[in-house]
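Values reported hereafter were calculated over all heavy atoms of this structure, with side chains retained and with hydrogens, waters and symmetry mates removed.
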Amino acid sequence: MTGQLILWSHALAALLFAAATLAVWRRPRDAGPRVAFATALALSALWALAIAGIGPSDLATRVMEAVRNLAWLGFAFALVRRDRTAGWTLAALCLAVAAVTLSGAGLAVAAAAATVHSGQAELATAHLVFQMMAAAGALVLARHLYGAAPEGGGVQLIAIALALLWSADLLLAVVAYASPAAGEALALMRGIAAAAMALLLGLASQRRAAWTLALSRPATTNALIAVALVGYLGLVACLTALAAAWGGGHARALQAGVVIGAAAALLTLVSTSWLGAWAKVKLAKHLFRHRYDYRVEWQRFTETLASTAEPLERRAVEAVARLLDAQAGLLLTPDGAGLTVAAGWRWEGRSEAGTELLAAYCVETRRIIELDAIRRGEADSDAAAVPGWILAREDAWVLVPLIHGEVLAGLVLLTRAPVARALDWEDFDLLRVAGRQAASFLAEERAGRALAEAQRFDEFNRRFAFILHDIKNLVSQQQLVARNAERHAANPAFRADMVATLRDSADRMTALLARLAHRENGPAEPHDSVDVAGTCERVARRWRVQHPVTVVTAPVWALARSQRLEQVLAHLVQNAVEASAPGAPVTLSAAGDGAQVTIEVADQGAGMAAAFVRDELFRPFASTKAGGFGVGAFEARQLVTAMGGTLSVESREGEGTRFRIVLPAAPPLEAAA
């Protein structure tokens, strides 16, 4: 039953391959590598027909399978050879896989011709190994074809179809190597995969997207790595086959030694940093038009600068150093007329003085200084500016100035890369642009630090201006007490009020000093349940000695800060007293509705113009009083806002002014407490 299914599945695949061949052959002659594609389809049809008619285990079928693979490798070669800059790397991969395929076919022929005594089993095993290697290499090729193909084009569908077919070949070879009994079921699976591949190829033949490939630098590098791995594995397979043929009774031990030695050698090569740097230099020199893949380099550079894992100075050194594969770096930043060490990346050793001339030279010339040129005597102008301690360090390689505008933001000293080479114009251009970008990051961070420091000074100055305003009010109050003492000193009631006023002034001065030392960005003071009626009465008592102040308030409590609320009311009452005529009362009232508490300070003075209230009243440092600071109303509104309330004003010229404070009411339980 399985044999019949293998026959019909491969017969269907042959029919579909033949139909796709006719469809491709009828396309216009300028539609890509038409001949190579049609030839590969036709040979795939013959391969599927051979399996259907002869069987999957016959020598002719195996040879036909190798011919089919060679045809598809030829088609891939016809595609990739069009890219003159990097296409030959995938072409080399095609040739490497083709060589392994031919070797496997040769082993299959040799195994069929050999007898049991002449190593037939060993040759058959070697054939399976080479078949697995060829399928694995072909899968790598299909992956790169897919990545390099235009989006949605026919080449992508072809790459998917080839990956499907070669995956089935790889699985069949692996299972045949481990358990030959399962071969028929997998042969059926490959027939189904071949039919699916034929459908995909038929669909691809109808697409007229471009057949060209856009090979990126990573794809090219990966293709070269794949070529090297295929060649390396082929060499190992040959050595193990030779060990099996000539090792006699020690064949197993020799094969194990070859595999272990090859693995150890591969791990040693991969872990050697010098080899990677050497390969990168050689590829850039002989393969690409440009040394750098600028998109990848710039993404890595900006990602390193934008990271927050390390201080910016160290990240700037690392970002510049990785462009040249430098092993270490040091950042020197301006300090007066010279330079000082700001950060190092993998840097060992100390720096010395004598950088004043170097700093001036970098600002003037903006040159990237290659230290090896100075050592060779080719840059006398640079030699005069570079300190001796830099030149004395043998691994010191290049000095990169970081220029922001007309200012030197820093100077990066890099040590030599693992593979020594002379810098060229492309290195200098990249370092120049990278230096400007790093300088921008450094300048932005320094500007942020300066802004934060200025904000701290601004906070202190603003706080000091508010406190100075309150001190002026206290001085005015004490001057008034002193003037009244000349007339009422003999009055016991006046003396008692005077003592209370002086004690209150001293307490307020102490609170002002505490506010001056307090940082506003510290933890917020908690809101308490404040007795509004009692607070209004205390404020009114201070001013009744010189002016009538009327208190009209119900027993209400508000969520606020007692000292801050008293400070706001004292300022508003003082303004009302100063704006009122002698004997004209100032009214201080408070009422609540359960949700809010409203406090009003009203006078019958001259009032204010609407434009002044709108544009000037709450603007700091704007005052209509002679010698006034212009921060009282501004501070009062800030304090009320900080307590979760609002401060508004109603004023008419010739009628008076009414300030209204609205605060949240205290909950009943808190009020009762």
Side-chain angles (χ1 to χ4, degrees), residues 217 272-281 283-284 290-334 339-351 355 358 362 366-375 382 386-387 389-404 408-443 445:
R217 188 180 296 247
T272 303
S273 60
W274 176 89
L275 178 63
W278 176 85
K280 185 176 181 181
V281 170
L283 289 177
H290 300 288
R291 181 184 301 278
Y292 299 99
D293 186 343
Y294 291 101
R295 180 183 64 84
V296 174
E297 295 292 346
W298 201 248
Q299 285 179 340
R300 184 177 65 177
F301 181 82
T302 53
E303 182 179 353
T304 303
L305 282 180
S307 172
T308 58
E310 299 285 347
L312 177 60
E313 288 82 0
R314 187 180 185 279
R315 285 183 274 127
V317 181
E318 179 182 357
V320 176
R322 290 192 180 279
L323 293 175
L324 298 182
D325 289 331
Q327 297 297 289
L330 185 70
L331 176 64
L332 306 173
T333 54
L339 300 168
T340 186
V341 176
W345 177 71
R346 297 180 180 175
W347 184 268
E348 296 180 358
R350 298 186 303 173
S351 62
T355 55
L358 177 61
C362 289
R366 305 189 179 192
R367 281 175 53 83
I368 297 171
I369 302 174
E370 187 179 5
L371 300 176
D372 287 341
I374 298 177
R375 296 186 181 102
D382 295 342
V386 178
W389 66 268
I390 294 180
L391 293 174
R393 180 161 178 149
E394 295 183 358
D395 61 345
W397 187 21
V398 62
L399 285 166
V400 184
L402 311 181
I403 304 294
H404 181 69
L408 179 66
L411 183 66
V412 175
L413 171 60
L414 300 178
T415 61
R416 209 178 308 278
V419 177
R421 64 179 179 86
L423 300 180
D424 58 16
W425 64 268
E426 196 170 0
D427 297 311
F428 289 125
D429 285 350
L430 180 61
L431 288 175
R432 192 172 293 112
V433 175
R436 291 172 184 167
Q437 182 73 0
S440 299
F441 272 77
L442 290 172
E445 183 180 71

TODO: Kindly compute the distance separating CG (L331) from CG (L402), expressed to the nearest 0.5 Å.
DONE: 6.5 Å
Open item on the list: Can you confirm whether D427 sits close enough to L324 that some side-chain heavy atom of one is under 4.5 Å from a side-chain heavy atom of the other?
Closed with: yes
Open item on the list: Closer than 3.5 angstrom, by distance alone: can the side chain of T415 be matched with the main-chain N or O of A328 as a donor-acceptor pair?
Closed with: yes
Task: Point-to-point distance, once rounded to the nearest 0.5 Å, from CG of L332 to CG of L413 - done: 6.5 Å
Task: A443: side-chain contact (heavy atoms from CB on, under 4.5 Å) partners, not counting sequence neighbours - done: H404
Open item on the list: For W345, is there any backbone N or O sitting under 3.5 Å from a side-chain donor or acceptor partner on R314?
Closed with: no
TODO: Without swapping roles, check the side chain of T304 against the backbone of R300 for a donor-acceptor pair under 3.5 Å.
DONE: yes
Task: Sub-4.5 Å side-chain heavy-atom contact between L371 and W397 - done: no
TODO: Tell me, please, which residues at least two apart from R346 pass side chain to side chain donor-acceptor pair (under 3.5 Å).
DONE: none
TODO: Heavy atoms only: give me the nearest D429-R432 pair and the separation to one decimal.
DONE: OD1-NH1, 3.1 Å
Task: Listed partners of F301 passing ring-ring contact (aromatic ring centres under 6.0 Å, His included), at least two apart - done: W298
Open item on the list: Among V400, I390, L411, L358, which residue satisfies the side chain to side chain contact (heavy atoms under 4.5 Å, CB included) criterion with I369?
Closed with: L358
TODO: Measure the CG-CG distance between L399 and L431 for me, rounded to the nearest 0.5 Å.
DONE: 11.0 Å
- [ ] Return yes if some donor-acceptor pair links the side-chain N/O of R416 with the main-chain N/O of Q327 below 3.5 Å, else return no.
- [x] no
Task: Closest non-hydrogen atom pair between G329 and V317, with its separation - done: C-CG1, 3.3 Å
